[in-house]
Amino acid sequence: MSGARRTLGYEATPAFHIPLSFFLAATLFGVGAGLFLLFHPDALDSRWTPGALALTHLITAGFMLLTMLGALLQILPVVAGASIPAVRPVAIGVHALVSTGACSLAWGFMAGSPAALQAGGGLLGGGLLLFLGAAVLGLRRSEASQTTGRDLRIALIGLAATAVLGILLVLVLSRGLALPFAFGPLITLHVAWGLLGWGGALLAATSWVVIPMFQITPEYPRWLTRFWAPLVLAVLGAWTAFDLLGNELPAWAGSMIPMALTALFALTTLHLMRRTRRPNPDASFRTMQLAMACLLGGALCTLVAILRDEAFWPLAAGILILHGGFVSAITAMLYKIVPFLAWLHLTQARIKAPHMKKLLPDLPMRRQLRLHAITLAALLGAAVVNWNGATRLAGALVALEFGWLAANLLGTVQRWRLTRQEAG
Amino acid sequence: MSTLTDLMTHDHRQCDDAFASAERHAGRGEWEAARGALELFARALCTHFDAEESILFPRFEEATSMTHGPTQVMREEHRELRAALGRLQDALEARDADEYAGEAETLLIMMQQHNMKEESILYPMCDRRLHGEREDLALALGQRLAAGEPAEVAP
């Protein structure tokens, strides 16, 4: 069997339960983050509280990382022609290491436990090493030559940089590792690589393809798709080299270009989405628009946070970028990916599959996405009023939102299972 | 270097426009207009598949000796897409708006993941492996596509 057939054919598609196990576990991290906020409302006092750090990593290393890795296992063969070797054992290993690593890291922040922090860093590092190793092997055999394939590689470089910086930070915090460069900028670099170099580049690489094709919009401008991700890589690389060589940049100078790049991506996407030729944009389309607006708002809050001292601005930036931006975009995509995978696996098994809207009805999806938007407003409100009651309410809504997302995805799985049973 | 990729990708987008037009009319309950638009889409889609299966894929298979390779996968997906198109036409005949919306969503996602594979992997492979004859091939494909392409997609 040829290499190209391996990547293009159904054989390249991992079994349904592989990406699904990543997605469902990810929702549990979201529920965990909500419950944590419910019982530790002081986490939102500032971005530096142990609770805020735990919360951030439950969302980034838990929800976001797991869904992104699960989705990559699915899409690398399709859009980048990469055939992941030994996909099943790799997926099981990555899932186990990243899940336990994210739990341990969050626990380490919460409890101030150096051992848990180290275990978390080690497990996450091991999981990412395994994933990146398999992805690099797969991509080496790839014949794809398109922008998206290149930008996915850039995102993987961003993931590796985020992990290395994160492990250095864990070693500084838990073992007092002495570094030849300042600690503060290292945190900023870890955040910048994680949100822009990894998350942003992955979102952009996906959007270049998904927005025009699935929403039937005009293409992104060619200059943007050609230069955006390499520019992100170059800017973050130069910023990192500058900082690590001891020439600490003023915060505004380091942040300005990444924020401008984020705003450029978000504004272009919003502009394209306004020109969709599909009728009656559905709830997932609206949620994607919300994601882009929040990324834009988050970039603005990041700039204001540099100029002003109030604790609200960095919190608002974090809430807008993480919950408003990434959680929105990921949730909107999950609502397309999971029913399609259920449909694909049924069809490939020669079973007559119900159509997408029977596998995932509109109504529960629309209601869950509405709750997601309300939760975002509640989180921002809690950051403004800084009152425990408001934060507890926001936490309860976060838990409910992710629980509902899990229930909707499980509903699709249940319909997939019933269809299989009925077909004998 | 990307003659075939550009040509065939452009035709995918033409098909998308026809699909969106049919979906818009069906969404408004304009069933007669939807029927006309869906016919244009079906013709554009089937012409595209026909051009690939009768011109592009055989040349690729000949040049690479890969008869059980990516082109076979694409042929299988064409068969599934034709079946999905049939279900969409049935929903239109029944004037069932919910059924049409569900079948349209399914067809769109299936079609776009198929297009994604062609545009990012198969067409660039064709441009590389058929480098010497890609101008002639593009001409032949262009003529075949033009013969079945809707002249203009109704807004």
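Hydrogens, waters and symmetry mates are skipped; everything else that's a heavy atom, side chains included, is used. Here is the naming used below: chain letters follow the sequence lines, and residue numbers restart at 1 for every chain.
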Can you tell me if [atom1] on [X] sees more than 12 non-hydrogen neighbours from other groups inside 6.0 Å?
X: A:Arg88; atom1: CZ; answer: no
X: B:His10; atom1: NE2; answer: no
X: B:Arg82; atom1: CZ; answer: yes

Next item on the list: Give, for atom CD of B:Gln112 and atom CD1 of A:Ile216, the distance between the pair rounded to the nearest 0.5 Å.
Entry: 6.5 Å
Next item on the list: Any chance you could measure B:Phe19, atom CZ, to A:Arg278, atom CZ, to the nearest 0.5 Å?
Entry: 5.5 Å
Item checked: Heavy-atom check, side chain of A:Lys336 versus side chain of B:Ile109, under 4.5 Å -> yes
Check: Any idea which heavy atoms bring A:Met213 and B:Met116 closest together, and the distance?
Finding: CE-N, 3.6 Å
Note to self: For A:Arg277, is there any backbone N or O sitting under 3.5 Å from a side-chain donor or acceptor partner on B:Arg24?
What the structure shows: yes
Proximal component of [X], with respect to chain A [non-hydrogen, under 4.5 Å]:
X: B:Met111; value: neither
X: B:Asp98; value: backbone
X: B:Glu80; value: side chain

Note to self: Between A:Phe214 and chain B, with a heavy-atom cut-off of 4.5 Å, which part of the residue counts as in contact: side chain, backbone, both or neither?
What the structure shows: both
Check: Among B:Ala84, B:Ala26, B:Ala20, which has the most heavy-atom pairs under 4.5 Å with chain A?
Finding: B:Ala20
Checklist line | Top contributor to chain A interface from B:His12, B:Arg87, B:Met110 [non-hydrogen pairs under 4.5 Å] | finding: B:Met110
Notebook entry, point to check: Among residues 101-108 of chain B, which ones touch chain A with a heavy-atom distance under 4.5 Å?
Noted result: B:Ala101, B:Gly102, B:Glu103, B:Glu105, B:Thr106, B:Leu108
